Amino acid sequence: MKFPMEPYRIKVVESIPRTSRRERRQILEEAGYNLFSIPAGKVTIDLLTDSGTSAMSDNQWAGIMIGDESYAGSKNYFHFEKTVREIFGYKYVVPTHQGRVAENLLFSTTLKKGDVVPNNIHFDTTRANVEHNNGKAVDCVIDDALQPRAEHPFKGNMDLKKLEKVIREAGAENIPLCLMTITNNSGGGQPVSMDNIKATRKLLDQFNIPLYFDACRFAENCWFIKKRDPAYAGKDILSIAREIFSYGDGCTMSAKKDGLVNMGGFLCTNDHELAERITNMLILIEGFPTYGGLAGRDLEAMSLGLREVLDEAYLDFRIGQVQYLGESLIDVGVPILTPPGGHAIYLDAKEFLPNIPPDEYPAQALACALYEEGGIRGVEIGGLMFGHKDPVTGEDVWPELEMVRLAVPRRVYTTSHIHYVAEIIRDVYERRESIHGLELVYEAPVLRHFTARLRALNG
Ligand code: F0G
C-alpha cells in the first residue's frame, strides 16, 4: 500500500454535487471564467482552500453541545486557554475569530510608520496587515524555495544571511518582531527545520528582536521535522511543537487549518505589556477577552481540534494523502512543484501549457479546464492574482511562477476522491493542446482575482 488508510470511519455524509460537462461550460461562461464566482453547489471536488473546510470529529460535535455561552468567563474559554498553553507554552492567549484578526491585533499594537517585518514568506493577509499599519513586509526565504523543482527537505527555511542583511539595513530598532510561517504556505506549504528555527532565534537574540510564529499549519510542520530530521524520529508531535514554540515569543494562529475547525483563531504572547494593549484593542474590534469573536461552543471545538491534530496516525494519513496526489501526477508526467507540500499540490501552469503566453492567463485557463473536465475547483496563483502594470512604464509585469494550487481539506475526501482528481488532471494533461487562453474583460482596482471577469479566446 502506498500510503495509510483513512484513520477514521464515516458517521455523517454529505452528497457531492454532480454536473454535466455542458452545464459546467455554461457555468464557467456565466461566472466570467472566475472560479470564485461559481456556487459551491456546482463544484464536485472543492480544492479552493484547506482553510475552514475541515470535517470535525464526533468528539468535536459533542463539544459543540457543551458550549457555555456566558458573556464573560465561559468554561470553554478556560479549557481553550489551558489547551493552548499546554501545546504552545505562551503566557497570554487571546481568542479571535480567524487568523487575520490576530495579525491585525499584533501589527496595530507593535508597528510604527516605516517599521520592517521579516518573514520566510508573508501570507497575503499578513503582508496586507503589515502594510495597512504602515510597515514594510520583507521575505527572507532560502533561494531554493523559489525554484519549482529544487529538492530540499526544508524548503520553507529562513535564509539567515538575507535576514541579517535586512536587520542591518533597517536597524534593529525599526524591526519590532520577526515572523516565521510554519509551514510556509506561499512557498508551497513547505516546512521549516528545527535547526533553522533555532538559528533564526539565535540571530534575532543578537539584536534583541522577538520571534513570532504564523502557526496555521504547525502540526504539519512538526510531522515533517519528525520524518526528515533523524534527531526527532523518536519524538512525539506534541513535544516537537513545544520545542518549536519555546524558541518564540508568541504566535498568530488561524485554527481554520491545524485547529480542525470551520472558524477560529488566536494570538499568543509572553509580553505582559503587549498583551494588555492587544486585549484593549480586542475589546474594541472583536469582543470580550474570554470569547474574542467566537461562541463558547466554537472555543470548545477548537480546543478539541488542537489536540486531535497532534495524532500521528491522522498526520501520516493527511500529509500522505497530499503526497500521494503529488506522486500520482508526477508518475504521468504532470509538472508540479516538488517536493509536495503539507496541505496542497501546485501545478506548474507554465510547463503544463507552454503555448499560452502570460497575458492570456495560463494558470487561470488551467484552473478553468480542471473545472470543465471534472468539476474540480483549485485556485490560480499566477498572473491574475499577482500581475500588474508598472507604475512608471505602464507595462505589464508578470509573476515568475504561474501555478494552480489544489489545497486538500482535512478529513474530508477519501482516497477514491483523490484518484478521481488525479485522473481528471491526467485527462486534461493529455488534451492540453486543446486548451486556450483567456482575456481579461473586467478588473477591480485591488485584489482583482476575486472579482475579475474573463472571456475564452477560443471563440
Ligand atoms: N497565515 C497563513 C499562512 C495562511 O495560510 C492564512 C490563510 C492566514 C494567515 C490567514 O488566516 O484566513 O483565518 O484569516 N490562508 C487561507 C488559504 C485563506 O487559503 O491559504 P485566516
Side-chain angles (χ1 to χ4, degrees), residues 35-36 40 43 46-54 94-108 117-132 137 139 141 145 155-156 158 177-192 212-221 224 244 248 250-268 282 285-286 292-294 298 301-302 305-306 309 322 337 341-346 367 377-382 385-386 403-410 412 447 449-450:
L35 300 179
F36 285 102
V43 177
D46 205 346
L47 306 180
L48 187 68
T49 179
D50 64 322
S51 179
T53 51
S54 300
V94 179
T96 62
H97 84 269
Q98 64 182 88
R100 66 198 70 182
V101 184
E103 293 167 355
N104 177 348
L105 288 166
L106 182 63
F107 300 128
S108 64
V117 180
N119 198 338
N120 40 4
I121 304 186
H122 289 269
F123 179 67
D124 319 15
T125 60
T126 325
R127 181 182 308 281
N129 270 297
V130 169
E131 288 170 357
H132 183 71
D139 297 337
V141 77
K155 228 172 160 177
M158 189 82 85
L177 59 98
C178 173
L179 276 174
M180 173 87 103
T181 306
I182 56 173
T183 58
N184 186 25
N185 183 11
S186 306
Q190 302 289 336
V192 179
Y212 279 72
F213 291 98
D214 178 340
C216 300
R217 299 176 181 84
F218 76 97
E220 291 171 6
N221 202 103
F224 279 112
I244 290 180
C251 68
T252 57
M253 173 77 188
S254 166
K256 297 172 75 171
K257 287 80 167 172
D258 273 353
L260 298 176
V261 286
N262 305 117
M263 195 52 75
F266 55 89
L267 171 64
C268 290
L282 181 82
I285 66 171
E286 277 278 272
L294 292 166
D298 297 332
M302 186 160 51
L306 286 168
V309 81
V322 174
L337 219 90
H343 69 296
I345 293 299
Y346 295 70
R377 174 156 72 171
V379 66
E380 189 256 16
I381 303 186
M385 192 178 268
F386 295 122
M403 298 185 295
V404 176
R405 183 184 80 168
L406 305 169
V408 182
R410 294 169 182 80
V412 171
L447 296 172
H449 54 286
F450 288 120

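Everything quoted here is computed from the prediction, not taken from an experiment. No hydrogens, no waters, no symmetry mates; every other heavy atom, side chains included, goes into these values. Read the numbers this way: they start at 1 and go in the same order the structure lists the ligands and their atoms.
In this structure, the ring-ring contact (aromatic ring centres under 6.0 Å, His included) partners of Phe218, at least two apart in sequence or on a different chain, are Phe88, Phe245. Arg410 pairs by the side-chain hydrogen bond (donor to acceptor under 3.5 Å, both in side chains) definition with Asp50, Glu220, Asp258, not counting sequence neighbours. In this view, Asn262 and Met56 satisfy the side chain to side chain contact (heavy atoms under 4.5 Å, CB included) rule, not counting sequence neighbours.
At a heavy-atom cutoff of 4.0 Å, ligand 1 is surrounded by Thr49, Ser51, Gln98, Gly99, Arg100, Glu103, Phe123, Thr125, Thr181, Asn185, Asp214, Cys216, Arg217, Ser254, Lys256, Lys257, Arg405.
The shortest side-chain heavy-atom distance between Leu306 and Met253 falls under the 4.5 Å cut-off. Residues Glu103 and Arg127 have side chains not in contact (no heavy-atom distance under 4.5 Å, counting atoms from C-beta outward).
Residues Asp298 and His97 have side chains that never bring a donor and an acceptor to within less than 3.5 angstrom of each other.
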